[in-house]
Amino acid sequence: MSGPPSALKREFTSDDPVSRRIHTLRDIDAQRLAAGEVIERPVSIVRELLDNSIDAGSASIQVYLKGGGLDSIKVIDDGAGMSREDLSLCLLPHTTSKINVIEDLTRTKTLGFRGEALSSIAACSQVEVISSTGEDEEVYKAAAKNGILSPLEKWRGKKGTSVQVTALFHAMPGRKKFLKRPQTEGTLCKSMVIEKALPFPKIGFKLFMQDELKLFLPPASRMDRISGAFSALFPEGSLFQVSDTRNDFSVTLISGLPSLFRRDRKYIQVFVNNRRIQEYSLLQAVTYGFSGFLPGGLFPYSFLFIDVDPEFIDFNIHPTKKEVRFRNLPEIHHTVTSLLRKTLGEGGEKHTEAMETPPLFSFKQGTSPANFSDLREKTPYYSKPASAEQDTTPSFSYLGQAFRLFLMAEKENSLFFIDQHAAHERYLFDRFKAAPPAVQDLLIPIRLELEKNESDLLEKKKETYHSMGIGLERISSECWKVTRVPAPWTSDKDSIIELLTAAATGQEDMEKDLFSRLACRDAVKEGDLIDDITAYELIDYVFSLNHPRCPHGRPIVFTLTKDDLFRQVERSF
Ligand code: ADP
Ligand code: MG
């Protein structure tokens with residue numbers, strides 16, 4: 001292990017004492033700042049320690065948490081361990097045994113590679129590392145407190161490594177304020193253990209919280225690991241596994257049958273070279289694979305494991321390595337979608353033709369429509385247009401949110417600023433048009449007192465409102481009773497009165513008025529934070545529109561070309 005001089009190292013050199021102290025302080029501050037980016041909260045520590053134990057080739061790993069990880073985190077493994085020399089260096093910044101030269105970064109398959117984790121943890125907490133390679137029964141302990149390393153101590157134990165972290169963020173009182181309750185932090189840590197355990201089914205994992213065994217995952221097959229990790233979610237026989245290998249990559253998908261579904265994408269999880277990543281277009285690839293087998297708005301359970309030659313990817317663009325760039329993304333995308341379509345398609349045929357072989361999937365009564373053609377009729381846009389398959393990778397990149405209102409996207413030679421409220425309004429409006437919301441009878445009807453002329457007008461519009469799910473009864477010449485309304489409106493008397501006294505006449509205008517009011521009410525507002533996946537969906541939708549205007553007619557998008565921008569800074573092409 002080697003690296004540039006560092007604050008921690010300098011403690012051991014014999015510089016002039018005064019300047020040494022100043023340097024040390026500055027460097028430790030800088031290091032704490034940098035550490036803050038990698039180590040956000042207890043779960044970040046759990047992630048890094050597990051990565052290290054996995055990289056060390058462990059067969060079994062135990063995690064012990066106290067106070068949800070806020071009081072103490074300990075990870076014990078039976079991996080390769082560290083020699084005395086490596087142990088003395090591992091808490092120093094930029095020390096890693098995993099890459100020697102920067103070019104190695106393109107070849108690495110290990111989870112860690114920056115040599116930042118242990119030193120960052122040491123900079124913001126108290127750490128003890130006990131390790132042995134199993135040779136000559138040599139066991140040592142390294143420790144750091146307040147960013148200062150203490151000398152190695154001879155210790156006892158067996159082959160492997162144990163890392164214990166206490167006094168978290170003691171040097172960063174500001175950070176402490178942002179941490180949540182122990183229970184919440186503990187739940188995050190538990191999810192992290194599962195996230196790390198899924199791609200490594202051959203490694204056994206145990207998680208103890210306050211000394212109680214909370215998770216026990218013995219070595220298993222990929223599929224058993226998944227059902228073991230989420231024991232309550234997958235009944236026996238509800239998962240299926242498919243794989244495909246290409247020249248530069250292979251994919252394995254373990255998915256729930258379409259009869260199991262959710263309203264969110266929480267359980268579409270993508271792992272690349274055993275690391276969980278957030279890559280919208282791969283979530284989309286899975287969703288497309290299931291489209292036609294699940295109604296729109298419902299999402300499958302699907303775990304996608306991609307193994308790809310490290311030459312084709314770059315993990316190094318995000319400090320916590322959640323993002324990755326692929327060179328062969330379109331090909332992977334296509335493989336995933338078609339693998340799922342093919343398998344689910346075969347399952348569908350079996351379902352109708354050969355009843356002696358058990359169908360790959362069958363819908364449970366009440367959880368899903370009886371067959372696909374039913375589904376198709378009832379849900380007008382249950383699947384993407386046929387063109388979806390040819391062009392499934394988003395053609396734009398999402399840059400983020402500005403003023404908590406504009407979603408910014410870059411596409412070809414332009415920047416697009418998309419009004420999130422207007423975009424979402426339009427999206428909902430189009431949905432209501434395609435599939436009007438359910439209606440609900442009111443237990444207590446709403447009483448309406450109107451002017452005589454308003455009342456007469458309403459009389460004329462009454463039948464049309466009926467067809468739109470609004471039940472009206474005239475009690476007297478100026479008094480009305482509203483008996484049923486679209487479900488989203490059951491508790492919103494004012495909106496109903498506004499609608500009923502609005503100027504719109506004629507079926508088309510009245511419907512438009514209703515849907516745009518409903519859409520406006522449900523749409524995200526200015527000031528709302530939008531997660532990346534929702535942003536991608538909205539932008540994708542806006543780009544699919546011929547006339548991107550909101551239901552009230554306002555434009556949704558503002559465009560700036562590269563030309564415009566270059567001209568602003570008097571730059572020529
Ligand atoms: P990285 O994982 O990026 O190399 P870390 O700061 O996480 O950096 O760890 C520094 C080094 O300490 C690793 O490269 C490895 O050599 C050693 N190390 C850390 N944890 C373990 C472990 N559990 N078993 C064996 N070696 C370890
Ligand atoms: Mg590491």
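Only a predicted model underlies this, so the values are computations on that prediction, with no experimental measurement involved. Order of listing sets the numbers, starting from 1, for every ligand and every atom in it.
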field: Under 3.5 Å: N/O of L118 near N/O of ligand 1
entry: yes
Cation-aromatic face contact K411/F543, 6.0 Å, 45 degrees: yes
field: Nearest-option assignment for atom 19 (C) of ligand 1, heavy atoms, candidates V75, N52, D55, D51
entry: N52
- prompt: Under the 6.0 Å and 45° cation-pi test, does K154 pair with Y140?
  reply: yes
query: Atom CZ of F290 and atom OG1 of T343: how far apart are they, to the nearest 0.5 Å?
result: 9.0 Å
query: Which atoms of ligand 1 have any heavy atom of A56 under 4.0 Å away?
result: 24 (N), 25 (C)
query: Is L49 close to V165 at the side-chain level, that is, under 4.5 Å between some pair of heavy atoms?
result: yes
- request: Show which atoms of ligand 1 fall inside a sub-4.0 Å distance from at least one heavy-atom site of C90.
  value: 12 (O)
- prompt: Is it true that M82 lies under 4.0 Å from ligand 1, counting heavy atoms only?
  reply: yes
message: Within the 4.0 Å heavy-atom shell around T161, which atoms of ligand 1 are there?
response: 22 (C), 23 (N), 24 (N), 25 (C)
query: Hey, is A117 touching ligand 1 through its side chain, its backbone, both or neither, going by heavy atoms under 4.0 Å?
result: both
- request: Kindly assign one of parallel, tilted or perpendicular to the pair F234 and Y301, based on the angle between their ring planes and the thresholds 30° and 60°.
  value: perpendicular
- prompt: Within 45 degrees of the axis of the six-membered ring of Y267 and under 6.0 Å from its centre: does R262 put its NZ or CZ there?
  reply: no
field: Residue-ligand contact D77/ligand 1, heavy atom below 4.0 Å
entry: yes
